[in-house]
Every structure is written in structure tokens, then in C-alpha cells.
Amino acid sequence: MNKKGEMEDLWFVVMEAVILGLTAFALFAYARNVADSTLYWKNFYARDVALVVDTMHAAPGEVNMNYDFLNIPRLLELELSKDKVKVYEYEPGVDKSKLSPGTFYFAQDKYIQVEPSSFFSYYFVLEKANFPKGSEFSSKISVRQQEEAVSSEIIKESCPEAITQAVLKEKKIYIKAENTKLSSLEAAVKDLFKKRVYAETEEEQYNNNILNLREADAELIVILSFSQDSKLNVYYNENDVNSEKLACILLLNLQNTDYFQGKSPSKKSSTQLSADLQRFFAQKDAVVIELGSETDNVPLADTATAIFSSIRSYYE
Amino acid sequence: MNNKGQVIKYTMVSIVRFIILAIVVFAVVMLFKMLIVNDLSVTQLKSGVLYSRLIYSPNAISYVDPHTGRAYPGIIDLDKFNEENLKNATNYSEERHISAKLMLLNSKGQSIQGVNSPIYLNRLWYDRWLPLSNKKFQGLGSTERNDYNLSVLYEENEEFKQGMLKITILQPES
């Protein structure tokens, strides 16, 4: 074989290697997905919830159904639309069109309205309520979900009393990760605000109050940081009861998560912080959360939910 | 390459190599699929849910008391026994999801005068899937068939008569 023939042979071998490489990559990705059983649970809950909604359509009266999840390894996000249920693995800040959901269809009824909603893989209530006679629809199917947060009674008993009640979506909250490793947590907390506080039409308000807020314009400052040891520390301003209240709620909620249980949580005075971090406490209600030294291991979804729930409880 | 014979020989060898490569890749993928079982078959359940909706839903074919709003699952309202009403009450936006045929007969097994029967839900795919519902075909690509026979009442000339509702539900095996 001459030089040209050798080149063609070489190209063929390269092509073979590329095809085998792509196949191996796809198979390993698939196997990894199956190994952590996320794919299974996405399909399982898409089918289960869709079939429950389907069954509810046939129920002639009003129905309330309490639905809870098994102890699954990943947090899932469920999307109920008028004709199907989609289940995604929870990836804050990632465009959903880039994720592959588990999808299952249910039959639509012209006379029954299904309220589109997005919720997470923990306890929720599925409700079918009748409309008065003469309405466009005979009934409506909707989802109600409560946060898994420390109850307001415990907060009231354990934390300093301060009147901080306000409408959450009107508050300007500056959330910032001091460490690039925690920037995904920052994005996850902000994403929860976007999904659970602001409607789709209120994106501009969300951008102004949360996403692109400047530190100088903030009414509340929450700084995410790491510590030299493995402990969970929340720093607050000793001269500000509001700051102490938020620090207290944060500790209660973070301790409530599996990861931070037993991590020797403590509430500390902001005077123990470096001068760089102390500046946040100068004129605003602020807290600094130190999430231990192994920031890579901090579970994103649980921690983000705990921080979000705390801020919401603070304004309730 | 020096001559035409060598070109042909080289092309033939390349084709054979391609085929072998394809077989190897296919075999590896199949091996993976065989070893990892991740399927969740809910075809029986899906069929049962559709059957329940057809029978129990007040908006489907059952008679509903206008005063109490109660649906009577064993009594067929002939005014509602048509494809348009069926589609209004059970409309799947994904047409390859499921299909059904509903046949209402009198007590002698004959069709009832003035009643358009059978009626279909997603007829296009019912007709396509029916040949595949034969028991000879099994596994992926075949059709799961579930038959239900229900003794019912229907109103004719202001009196209730006994009849038989035969429902056949077809859906792709997954």
C-alpha cells in the first residue's frame, strides 16, 4: 500500500476510535445515571403522579390527597402541566431545556382545569375542588406544598423577638458567596426565590430585588462563606436584634438538614470576623454563614432550601 | 493505490470492517441494556385508569343525576355515548399513549337501534395497533390489549334495558 492508502487506513482507525469513544462515553453516562437511580426515580414519579392526577379526574366529588415520597437520593423537581407530569433532577441555575425529564401523560377533561405548577420531591397535597355551577370548568386540580422548615412555633420560642414582618417579594436581599466554590449555592438560593416568591411576570422585580441587586441598595445581607474548621457558624451583629433573629432561624433550619446535624453549630458575634467581612454589618441587617471547610461536600439543594426558608420565616 | 483492483479490494475490506465495528458497538449496547434493567411498565395500570375514567367520570358516558350531580357508573347515558363527548372527557395530547374501542350491545348481543356503536378514542392508533395486539407478537413494538365486559343499563322508550358494554383498550408495550 502506498502513502495515500496508509493515510486512509489511519483515518479509518481514528474514526473507529472516535465511534468507540462516543459509545463508551454514552454507555458510562447511562450506567452512572442508573447507578444513582435518578433516572429510575424520575420515571417512577412521573408515572405515579400522572396516574394519580388521571384517577382524580374520574372522582365525582372533591378530593384531597396527601402524597409523600420515598427516601430518594436526589431532590427532584416536578412540573405539572395541563396534560402531563415532567420530573427533573433539581439543578439550580440550569436551563430546564438542557435536562432530560421523566415524562408521563394523563388524559385531559374539557371540564376540569389542571393548575400548572412546579414543586419538589417532598410532601405535597393534591387537591380537586369543585367550581360553582355555571362556571367554565366544573372543577380544578391543583398542588399545594409546604416548605420542610422548622415550624414558626419553635422559631418563636427559640429566637429573639423582633418585628421583621414584611412582604418578601418587596424586600431587597443581597445574597453573595465570598468563595467561588459556594457560587453554585448562591445561585441555588436565588433560584428558589425566583421560583417560589416571584411569578413569571415578575422577573424584572426579581432581577432588581435579588439577582442583580447591588450591596449598597440592599435591605438585608446574607453572606455565604467557609471556615477553617468543619463547624457551622452564623455571625450576627450583637447590637442588632434583627440580625440575631435571622442568625438564630438560620441555625435552626441548617441544623435540621442531614448534613449539618452534629456539626457543632454556633452563633457568633460579627466582631470575631475579619475586617473585610465586618463591613457588611456597618449599616444593614446582615449575617455571615460559614458552612465549614469542606465546601465541596455541602449538599446544594438541602442547604439552599434551608437558607431560603429561613429568610422567608424571618419576614413572616 | 496502484490499480483499480486494489481500490476495489480496499473498499471491500473497509465495508467489512465497518460492518464488524457496527456489530461490536451494537453487541456492547445490547449487553448493557440487558444487564441494566430500568424499565417501569405500567401498562396494566394505565389501562385500568382509563377504564375507570370511562365508567366513573361524570363527564364521560355514565348517566348523571341532574339534581344531585351523582354519576351512576352502571347506567349508560345514550346522549353522551359518542366520540365527541369521549374526546372531551378523556383526551390524551400524546396520541401514541393509549386508544380504546367502546361497543354497546343489547342483552341479545345485538347493536341497539339509533345508537352509534362502536365508538373510538384515538381511532387512528387503535386501527394501527390492533394487528399488533395478536398474542403472536410480544415484547417491545407489540401492543398490550385489555378487554373489559360490563353489564350495564341504558334507557330506551322510557324504560331501562339491560345491555353489555365491551371496552377494548390498546396501548404500545413499553
Side-chain angles (χ1 to χ4, degrees), chain A residues 1-6 8-9 11-13 15-17 19-20 22-24 26-28 30-31 33-35 37 39-48 50-61 81-84 102-112 130 133 137-139, chain B residues 1-2 6-7 10-11 13-14 17-18 20-22 24-26 28-29 31-33 35-42 45-46 48-60 62 64 68-73 84-98 121-122 174:
Chain A
M1 213 173 279
N2 60 15
K3 215 171 178 180
K4 192 181 167 194
E6 281 173 17
E8 283 179 14
D9 224 21
W11 275 117
F12 189 87
V13 172
M15 206 166 60
E16 265 182 333
I19 292 173
L20 286 175
L22 285 173
T23 312
L27 288 176
F28 278 114
Y30 176 70
N33 210 347
V34 172
S37 65
L39 183 66
Y40 176 84
W41 289 118
K42 280 195 296 190
N43 286 329
F44 179 93
Y45 281 110
R47 281 161 171 70
D48 201 41
L51 287 166
V52 167
V53 174
D54 215 335
T55 312
M56 266 192 152
H57 276 80
S81 59
K82 62 177 184 170
D83 62 342
K84 60 184 167 290
T103 306
F104 206 73
Y105 290 83
F106 54 83
Q108 298 167 73
D109 188 317
K110 193 183 172 187
Y111 307 103
I112 297 175
N130 287 344
K133 272 190 176 175
F137 297 103
S138 60
S139 45
Chain B
M1 245 166 262
N2 296 332
Q6 272 186 313
V7 172
Y10 184 76
T11 311
V13 169
S14 298
R17 285 174 74 174
F18 256 122
I20 292 171
L21 178 67
V24 170
V25 169
F26 182 74
V28 172
V29 171
L31 203 66
F32 242 77
K33 287 256 178 195
L35 294 173
I36 299 172
V37 181
N38 200 35
D39 293 336
L40 268 171
S41 179
V42 288
L45 189 58
K46 216 163 82 176
V49 168
L50 176 60
Y51 169 75
S52 301
R53 275 190 70 161
L54 294 171
I55 299 302
Y56 293 101
S57 171
N59 301 332
S62 294
V64 177
T68 61
R70 179 185 163 188
Y72 289 82
E84 195 192 341
N85 185 59
L86 204 60
K87 199 176 175 190
N88 284 342
T90 48
N91 181 26
Y92 289 91
S93 59
E94 167 61 48
E95 58 176 11
R96 293 185 197 192
H97 194 74
I98 205 162
L121 176 72
N122 190 8
S174 57

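Hydrogens, waters and symmetry mates play no part in the numbers below; they use all other heavy atoms, side chains included. For clarity, every value in this text was computed on a predicted model and none was experimentally measured.
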K.L.:
Answer with side chain, backbone, both or neither: which region of Val64(B) has an atom nearer than 4.5 Å to a non-hydrogen atom of chain A?
P.N.:
neither

K.L.:
Could you check whether any side-chain N or O of Arg17(B) sits under 3.5 Å from a backbone N or O of Glu16(A), counting only pairs where one atom can act as donor and the other as acceptor?
P.N.:
no

K.L.:
Just give me the residue among Leu121(B), Val28(B), Asn59(B) that pairs up with chain A most often, heavy atom to heavy atom, under 4.5 Å.
P.N.:
Asn59(B)

K.L.:
So which of Thr23(A), Asp54(A), Asp83(A) has the biggest tally of heavy-atom pairs under 4.5 Å with chain B?
P.N.:
Asp54(A)

K.L.:
Any side-chain heavy atom of Ser93(B) sitting closer than 4.5 Å to one from Lys84(A)?
P.N.:
no

K.L.:
Measure distances from Ser52(B) to the heavy atoms of chain A and classify the residue's part below 4.5 Å as side chain, backbone, both or neither.
P.N.:
backbone

K.L.:
Against chain B, label Phe106(A) side chain, backbone, both or neither, depending on which of its atoms sit under 4.5 Å from a heavy atom there.
P.N.:
backbone

K.L.:
Taking the six-membered ring for Trp, are His97(B) and Tyr105(A) parallel (under 30°), tilted (30 to 60°) or perpendicular (over 60°)?
P.N.:
perpendicular

K.L.:
Determine, step by step, whether Leu45(B) and Arg47(A) satisfy the side-chain contact (heavy atoms from CB on, under 4.5 Å) criterion, reporting the C-alpha distance in whole Å, the side-chain angles of both residues, the deciding distance to 0.1 Å, and the verdict.
P.N.:
CA-CA 10 Å; Leu45(B) 189 58; Arg47(A) 281 161 171 70; over 6 Å; no

K.L.:
Taking Lys110(A), Lys133(A), Gln108(A), His57(A) one by one, which has the highest count of heavy-atom pairs under 4.5 Å against chain B?
P.N.:
Gln108(A)

K.L.:
Look at the side chain of Asn88(B) and the backbone N and O of Tyr111(A), then say whether any donor-acceptor pair between them is shorter than 3.5 Å.
P.N.:
no

